[in-house]
2 protein chains.
Amino acid sequence: MPSKRTPIPGPTAKKAKIAAGRRKAQDLAEVDFGKLPGYIGYQLRQAQSAVFRDLARTLRETGVTPGEISLLTMLKGNPGIKSITLTRIYQLDKATLSLSVKALAKRGLIVSTRDAADNRYRALELTSEGRAMLQRVTRSIESQERAMDDVLKPGERGRLLDLLNRISRAFAR
Amino acid sequence: MPSKRTPIPGPTAKKAKIAAGRRKAQDLAEVDFGKLPGYIGYQLRQAQSAVFRDLARTLRETGVTPGEISLLTMLKGNPGIKSITLTRIYQLDKATLSLSVKALAKRGLIVSTRDAADNRYRALELTSEGRAMLQRVTRSIESQERAMDDVLKPGERGRLLDLLNRISRAFAR
DNA sequence: TATTGTTATACTCTATAACTATA
DNA sequence: TATAGTTATAGAGTATAACAATA
């Protein structure tokens, strides 16, 4: 004899769940965001965090972060580049970059060798493993970029890049 | 009798410093960014971090972070809002939001009171100190937004907000 | 003295897991 | 059982300070 309340969600439970979902959506629709949506700073943060979250999901099993992809790409285009140059580009403290370099080196993706001309420097380079990894994660990046193109009309990608670039430069010191 | 090397930088030292500055700028100009500048994800991160850094500088003495400003604004427009609603909006774990709420409450900017109808909920509200603080930091936000308008042509703000919004929604799950 | 880089330490933001209280 | 919230803990990512090596 079945009990009045079955552990298997029946039609009633299912309906309740859908109703709860609607109620939540309704709650969110009623929320007043004030002036926030009109702030570029706010929309920038929302977009950046959505994109970052999505990419992190895709990259999870590679163990490479979006920031590390930038570093690997810079090393590919500029073999032998110095840490100090990268700190200037990304406005990072040299201690911060030193840790990233150490982590990438430990995983065998990059090597740092002493500069012959000036022994204070270390020349950073991709290993062949690093090059392979970069190729792999670049595919993820570019598939994400194509997903963005799906919500952009022709010409809008270029306009967005230009606008973002001008905002960056307005606050670069 | 003055030593050969004076601790006050003379014209020679000044020239050397300028030359070093030029050399650095030259180094940076020669860097190959590869495909990075063509990625929306990359430009988004650069812009967001430049804007965030600038705002953090302005807000330093208030002790309020950009994320906390969003929360305070939401509480102003939606007095009595529940934590759980905010976690859905900002895709944050309830534990993360609990810590933010605790920190703001400790500083006397918000209060959380038990909901009479359903005791599981806590209704969040601004205190008068919170309202005053929000007014103060909103001035910083809006002055930063005006600085952005300086690099935007008429109509571009609206277009940028729309583009960012579409990117956010493309990756919201 | 100035520059490059490393290490120790700490702070912020975030998540996961285990928990309590309530429905 | 499900939901709201808290606490403990841990992992990124970042900065500051002190240091060593080199110029």
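Lettering of chains follows the sequences in order, A, B, ..., and the numbering in each one begins at 1. In this text the structure is predicted, and so the values were computed from the model without any measurement.
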Could you work out, with side-chain contact (heavy atoms from CB on, under 4.5 Å) as the rule, every residue matching [X], not counting sequence neighbours?
{"X": "A:Ser49", "value": "A:Arg53"}
{"X": "B:Arg146", "value": "B:Glu142, B:Ser143"}
{"X": "B:Thr87", "value": "B:Ile84, B:Lys94, B:Leu97"}

**Asked** From C:dT4, D:dT6, D:dA4, pick the nucleotide closest to the side chain of B:Arg122?
**Response** D:dT6
**Message:** Checking contacts here: which listed nucleotide (D:dG5, C:dT4, D:dT7) is nearest the side-chain heavy atoms of B:Leu99?
**Reply:** D:dT7
**Prompt:** Taking A:Glu125 for the side chain and A:Leu75 for the main chain, is one N or O donor matched with an acceptor at less than 3.5 Å?
**Reply:** no
**Prompt:** Within the distance-only criterion (no hydrogens, no angle test), does the side chain of B:Asn78 pair as donor or acceptor with the backbone N or O of A:Asp32 below 3.5 angstrom?
**Reply:** yes
**Prompt:** Salt bridge check: are B:Arg57 and B:Asp54 linked by an N-O gap of less than 4.0 Å?
**Reply:** yes
**Request:** Give me the residues of residues 62-78 of chain A where at least one heavy atom lies under 4.0 Å from an atom of DNA chain D, by number, or none.
**Result:** A:Thr65
**Residue pairs, two or more places apart or on separate chains, that pass side chain to side chain donor-acceptor pair (under 3.5 Å) and touch residues 96-113 of chain B** = B:Glu68-B:Arg107, B:Ser112-B:Arg122
Just how far, in rounded Å, is [atom2] of [N] from [atom1] of [X]?
{"X": "B:Arg88", "N": "D:dT3", "atom1": "CZ", "atom2": "P", "result": "9 Å"}
{"X": "B:Leu97", "N": "C:dT16", "atom1": "CG", "atom2": "C1'", "result": "16 Å"}
{"X": "A:Leu86", "N": "C:dT6", "atom1": "CG", "atom2": "P", "result": "12 Å"}
{"X": "A:Lys102", "N": "D:dA12", "atom1": "NZ", "atom2": "C1'", "result": "15 Å"}
{"X": "B:Leu124", "N": "D:dT6", "atom1": "CG", "atom2": "C1'", "result": "14 Å"}

**Item:** Over all atoms of both residues, closest heavy-atom pair of B:Pro37 and A:Leu161
**Value:** O-CD2, 3.8 Å
**Prompt:** Are A:Arg60 and C:dA15 close enough that a side-chain N or O sits under 4.0 Å from OP1 or OP2?
**Reply:** no
**Fill in**
B/S/- along nucleotides 16-23 of chain D (protein heavy atoms under 4.0 Å) is BB----BS
**Asked** Does the side chain of A:Met74 reach to within under 4.5 Å of the side chain of A:Ile89, using non-hydrogen atoms?
**Response** yes
